[in-house]
Amino acid sequence: MSLLTDEIRSRLFAMQDLDYRDFHARLIPNIDKDHIIGVRTPELRKFAKEFAKTEEAMEFLKELPHKYYEENNLHGFILETMKDYQQCVSAVGEFLPYVDNWATCDLMSPKIFRKNLDDLLEHIKIWITAKDTYTVRFGIEMLMKYYLDEAFRPEYADMVANVISDEYYVNMMIAWYFATALAKQYEKIVPYIEDRRLEKWTHNKAIQKAVESRRITEEQKTYLKTYRYQ
């Protein structure tokens with residue numbers, strides 16, 4: 001362990017909330033509780049914003065893998081502050097294989113990505129075909145976040161529908177993508193439900209999440225329910 005990592009851990013443990021750690025550990029059951037410090041997200045974001053301005057931040061990004069859940073989240077939050085797109089997307093690609101839980105994966109969303117959608121798409125195409133669960137999940141999440149409004153193309157939904165996985169956290173993101181897509185691009189997305197393009201569990205979960213949404217009309221919800229697998 002480097003002196004920098006030692007110093008960062010001291011800062012993180014100074015913000016520790018054991019009750020929060022115990023609560024949060026139940027949300028990410030695949031992470032050993034001993035690897036969760038228990039730092040609330042607003043406090044960690046505040047620290048990340050401060051730390052990202054230092055020269056040591058770039059050194060920290062190279063110290064992979066990290067031991068603690070909060071170190072991974074800190075890493076992701078630092079990536080979000082990057083203003084150079086090429087530097088950011090490269091650093092994200094280096095970090096993704098080390099992401100080991102859904103929360104770290106979903107917390108990370110660099111703002112600079114929005115201004116570089118054409119190039120980002122090429123990286124997404126690589127991410128969603130990766131072997132790492134959370135790399136695939138992140139790629140689908142980026143398609144959901146940035147490519148369901150003006151940038152939407154039907155082939156992007158095809159990319160998600162073509163992902164075949166036994167991993168719960170991948171299939172949950174696929175369902176989340178299609179539920180969100182139904183809210184934003186209903187006429188173009190509903191054929192994926194009608195044609196049963198998704199695996200049975202994912203198909204039903206997408207319908208469930210869509211029906212729970214306030215952005216879907218009651219008429220649409222009633223129609224979607226008729227396509228549930230029994």
Side-chain angles (χ1 to χ4, degrees), residues 1-85 87-89 91-115 120 133-135 137-146 148 169 172-173 176-177 179-180 209 212-215:
M1 181 172 64
S2 71
L3 290 175
L4 175 60
T5 295
D6 189 36
E7 180 182 342
I8 290 171
R9 287 180 185 173
S10 294
R11 291 284 300 272
L12 294 176
F13 273 97
M15 295 183 278
Q16 185 179 51
D17 181 329
L18 291 176
D19 288 338
Y20 180 72
R21 182 197 64 179
D22 293 344
F23 165 76
H24 207 67
R26 293 194 291 270
L27 302 179
I28 44 176
N30 65 307
I31 302 299
D32 189 324
K33 187 176 177 179
D34 290 337
H35 290 179
I36 301 173
I37 298 171
V39 181
R40 293 181 179 274
T41 300
E43 289 188 65
L44 189 59
R45 279 192 179 278
K46 182 178 179 181
F47 173 50
K49 187 175 181 180
E50 167 195 324
F51 182 54
K53 297 175 183 178
T54 69
E55 293 182 2
E56 289 80 5
M58 295 302 103
E59 182 182 339
F60 172 71
L61 296 183
K62 297 176 183 178
E63 296 189 352
L64 289 166
H66 303 302
K67 178 178 179 180
Y68 290 101
Y69 165 71
E70 283 82 0
E71 290 176 325
N72 280 323
N73 287 354
L74 175 63
H75 192 125
F77 291 156
I78 292 171
L79 295 180
E80 288 187 330
T81 70
M82 288 184 172
K83 297 181 179 179
D84 182 296
Y85 168 73
Q87 180 189 32
C88 182
V89 77
V92 167
E94 292 171 1
F95 179 50
L96 283 175
Y98 297 96
V99 174
D100 59 2
N101 68 90
W102 69 266
T104 299
C105 180
D106 295 2
L107 283 171
M108 185 171 55
S109 183
K111 296 181 177 61
I112 194 65
F113 280 5
R114 188 179 296 277
K115 298 180 180 179
L120 178 63
T133 297
Y134 299 102
T135 300
R137 182 180 171 99
F138 183 78
I140 298 170
E141 182 186 1
M142 292 301 98
L143 282 174
M144 180 176 70
K145 185 175 181 66
Y146 297 119
L148 282 181
Y169 289 107
M172 181 59 82
M173 181 56 74
W176 188 7
Y177 171 90
T180 305
K209 293 176 75 68
E212 292 170 353
S213 172
R214 295 181 180 180
R215 295 180 292 178

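Quantities reported herein were computed from a predicted structural model and do not represent experimental measurements.
How far CD1 of I31 is from OH of Y69: 8.5 Å, rounded to the nearest 0.5 Å. For the atom pair CD1 (I28) and NE2 (H35), the distance works out to 12.0 Å, reported to the nearest 0.5 Å. Atom CE of M58 is separated from atom CG of L61 by 4.5 Å, given to the nearest 0.5 angstrom. Residue L143 holds its CG atom at 6.0 Å from OH of Y177, rounded to the nearest 0.5 Å. Annotation: the span from T5 atom OG1 to Y68 atom OH amounts to 11.5 Å, rounded to 0.5 Å. To the nearest 0.5 Å, atoms CG (L44) and CG (L107) are separated by 8.5 Å.
Minimum heavy-atom separation, L79 to C88: O-SG, 3.5 Å. Of all heavy-atom pairs between Y85 and L120, the closest is OH-N, 3.1 Å. Nearest approach of R26 to D22, heavy atoms of both residues: NH1-O, 3.4 Å. Between G38 and R21, the closest heavy-atom pair is CA-CB, 3.6 Å. Considering all non-hydrogen atoms of both residues, V39 and L12 come closest at CG2-O, 3.4 Å. Contact between M108 and L96 at its shortest, heavy atoms only, is CE-CD2, 3.9 Å.
Counting only distance, with no hydrogens or angles, the side chain of Y98 and the backbone of N72 share no donor-acceptor pair below 3.5 Å. Under the 3.5 Å distance criterion, the side-chain polar atoms of S10 are matched with a main-chain donor or acceptor of D6. Between the side chain of W176 and the backbone N or O of K209 there is no donor-acceptor pair closer than 3.5 Å. A donor-acceptor distance shorter than 3.5 angstrom exists from the side chain of Q16 to the backbone of I37, with no hydrogens or angles considered. A distance-only check finds no donor-acceptor pair linking the side chain of N101 to the backbone of N30 [under 3.5 Å].
The environment of NZ in K33 is crowded: more than 12 heavy-atom neighbours from other residues, nucleotides or ligands sit within 6.0 Å. Heavy atoms from other residues, nucleotides or ligands lying under 6.0 Å from CZ of F23 number 12 at most. In this structure, Q87 places its CD atom where more than 12 heavy-atom neighbours from other residues, nucleotides or ligands lie under 6.0 Å away.
Annotation: ring pair (Phe, Tyr, Trp, His ring centres under 6.0 Å) contacts of F47 (sequence neighbours excluded): F51.
You'll find the side chain of I112 stays beyond 4.5 Å of the side chain of V89, heavy atoms only. Counting heavy atoms from C-beta on, the side chains of R40 and K46 never come closer than 4.5 Å. A heavy-atom distance below 4.5 Å is found between the side chains of R137 and W102. H66 is listed as a side-chain neighbour of L64, based on a closest heavy-atom distance under 4.5 Å. Two residues are said to be in side-chain contact when any heavy atoms from C-beta on lie closer than 4.5 Å; T41 and F77 meet this criterion. V99 places none of its side-chain heavy atoms less than 4.5 Å from the side chain of T135.
Aromatic ring pairs are classed by plane angle as parallel below 30°, tilted from 30° to 60° and perpendicular above 60°; the pair H75 and F95 is parallel.
For residues 61-80, the set of pairs meeting the salt bridge (charged side-chain N to carboxylate O under 4.0 Å, His left out) definition, not counting sequence neighbours, comprises R9-E71, R45-E80.
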Passes side chain to side chain donor-acceptor pair (under 3.5 Å), S109 versus Y146? Steps please. CA-CA 10 Å; S109 183; Y146 297 119; 3.2 Å; yes
